[in-house]
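Input: a single structure, listed below in structure tokens.
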Amino acid sequence: MLLYDNLDINTAGHLTIGGVDTVALTEEYGNPLYVMDEDQLRQNCRAYTQAMAEHLPEGSQPLFAGKALCFKGLYPIIESEGFGADVVSPGEIYTALAGGFDPANLYYHGTAKTDWDIRYAIENGVGWFIVDNENELEALDRIAGEAGIIQNILLRITVGIDPHTQEKINTGRIDSQFGVAVDTGQAARFVARSRELRNVRLQGYHSHIGSQIFEAQPFLDQVDRLLDFAADMRTQFGFTAEVFNLGGGFGVRYTEEDPQVDIEGNIRRIGEHLRKGCTAFGYPLPRILMEPGRSVAANAGLTLYKTTGVKEIDGYLNYVTVDGGMTDNIRFALYRADYTMTNASRMNEEQTYLCTVAGRCCESGDRIAENIYLQKPVRGDIIAVLGTGAYNYSMASNYNRVPKPAMVMVSGGQSRLVIRAQNFEDMIACEL
Ligand SMILES: *Cc1c(COP(=O)(O)O)cnc(C)c1O
């Protein structure tokens with residue numbers, strides 16, 4: 001039930017994260033509350049930086065995927081851990097820069113960049129564009145030309161791997177709205193066109209095959225397909241890629257049923273596979289970029305709610321209602337994501353009370369979990385949802401005019417506020 005190593009139970013019978021009492025955190029900072037364990041976050045970063053330094057070609061680097069978690073105070077942490085950053089919008093660029101991040105180490109993604117977006121990124125010195133399609137390529141070349149710069153780019157290609165079926169050349173992947181497909185021949189034209197343009201400099205390829213992937217094999221297949229494509233492009237156009245960006249996707253353990261991904265082991269296998277493939281093709285080793293989001297942030301975070309009590313519908317089910325829900329964690333409502341939960345106020349009791357945990361919104365889909373076992377709560381108990389460090393705060397909304405919760409960071413047994421809770425004035429601040 002204590003899913004992660006950074007969790008424990010103290011003498012008060014309360015859940016602790018990074019040695020800090022979670023119930024005490026809500027007393028100090030309010031509720032609901034996002035909590036991030038900075039030490040765990042840094043440890044997760046180091047799993048990538050160390051394994052990539054050891055097993056991948058020189059110059060390889062992890063980039064943190066901001067879509068998983070994005071706020072100003074995060075950027076100095078990931079930068080100090082040697083990460084670059086993947087950003088998907090001007091808003092994420094703005095946030096990274098506000099956190100003091102080096103724009104040269106930003107990689108700008110997105111399938112629908114407007115001219116304004118492109119200009120914003122160029123004016124702010126974003127080092128790399130990951131170009132999604134030919135419309136963007138032409139616009140980027142024009143705008144870079146106007147700005148008098150030559151923009152470094154990677155091309156986003158779709159290599160036709162569906163990690164969840166292990167089937168290659170799966171149409172479900174080829175018809176993705178992201179990137180340009182290899183199998184239709186369009187990716188080759190994309191390369192040819194980018195080589196003709198004068199204000200962009202093609203450095204390599206990007207591909208992202210999915211998320212919450214537990215095996216290494218899909219990534220090895222991805223490396224094969226990228227190498228095949230790169231070798232073909234070298235033959236056709238004399239272009240040798242210096243960078244392969246493999247995207248994100250390593251899975252995390254949300255429940256006891258989920259396996260633990262061996263980040264170091266996966267990266268070692270990717271490295272071995274890449275070297276073998278490059279030798280076979282006589283292709284110079286490209287440096288490798290990876291874009292982990294979930295596997296860096298998820299298990300470093302949890303969410304604390306105060307329960308407003310139980311509602312027992314005789315002969316049907318029991319609800320535990322909490323003071324947050326789909327506004328701060330939309331993943332159950334969106335795709336029935338599984339989480340592990342516990343009553344942080346009663347850690348010494350058995351989790352035997354079968355219940356569905358419902359949020360505060362006027363929406364029957366507002367649930368965090370269905371049919372789970374908790375220590376039976378009373379009104380005022382603190383309920384913890386584990387593994388919410390990724391895709392929770394970054395997806396939060398103000399539905400039902402619920403303000404976004406605060407976030408605290410714990411480190412070395414101390415806590416500090418990194419995001420204050422929204423207040424009502426914040427919510428009407430844009431309204432004239
Ligand atoms: C979502 C995404 C990521 C991050 O994926 P995780 O599963 O969170 O590691 C990285 N790169 C791209 C292009 C993505 O779309």
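Residue numbers run from 1 in the order of the sequence given. When a ligand or atom number is given, it counts from 1 through the structure's own listing order. Just the heavy atoms: all of them, side chains too, but no hydrogens, waters or symmetry mates, feed the values below.
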Do side-chain atoms of [X] reach the backbone of [Y] as a donor and acceptor pair under 3.5 angstrom?
| X | Y | result |
| --- | --- | --- |
| Y34 | D328 | yes |
| Q422 | K404 | yes |
| N266 | I263 | no |
| Y4 | R253 | yes |
| T303 | V385 | no |
| N392 | A390 | yes |
| T95 | K72 | no |
| N124 | A121 | no |
| T111 | D132 | no |

Q375: which of N343, D381, T342 passes side chain to side chain donor-acceptor pair (under 3.5 Å): T342
What I want to know is whether [X] and ligand 1 share at least one N or O pair that is separated by under 3.5 angstrom.
| X | value |
| --- | --- |
| H206 | no |
| S295 | no |
| H109 | no |
| A68 | no |
| E291 | yes |

May I ask you to list the atoms of ligand 1 that are less than 4.0 angstrom from any heavy atom of [X]?
| X | answer |
| --- | --- |
| G293 | 6 (P), 8 (O), 9 (O) |
| P292 | 9 (O) |
| R156 | 13 (C) |
| R294 | 6 (P), 8 (O), 9 (O) |
| G249 | 5 (O), 6 (P), 7 (O), 9 (O) |
| Y391 | 1 (C), 4 (C), 5 (O), 6 (P), 8 (O) |
| G248 | 5 (O), 9 (O), 10 (C), 11 (N) |
| S211 | 6 (P), 7 (O) |

For ligand 1, does [X] get within less than 4.0 Å through its side chain, its backbone, both, or neither, judged by non-hydrogen atoms?
| X | result |
| --- | --- |
| D86 | side chain |
| A65 | side chain |
| M290 | neither |

For atom 14 (C) of ligand 1, the protein heavy atom that lies nearest, with its residue and separation: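 The closest heavy atom on the protein side is K67 NZ, 2.9 Å.
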Criterion side-chain contact (heavy atoms from CB on, under 4.5 Å) against M52, the qualifying member of I270, I267, L289: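 That would be I267.
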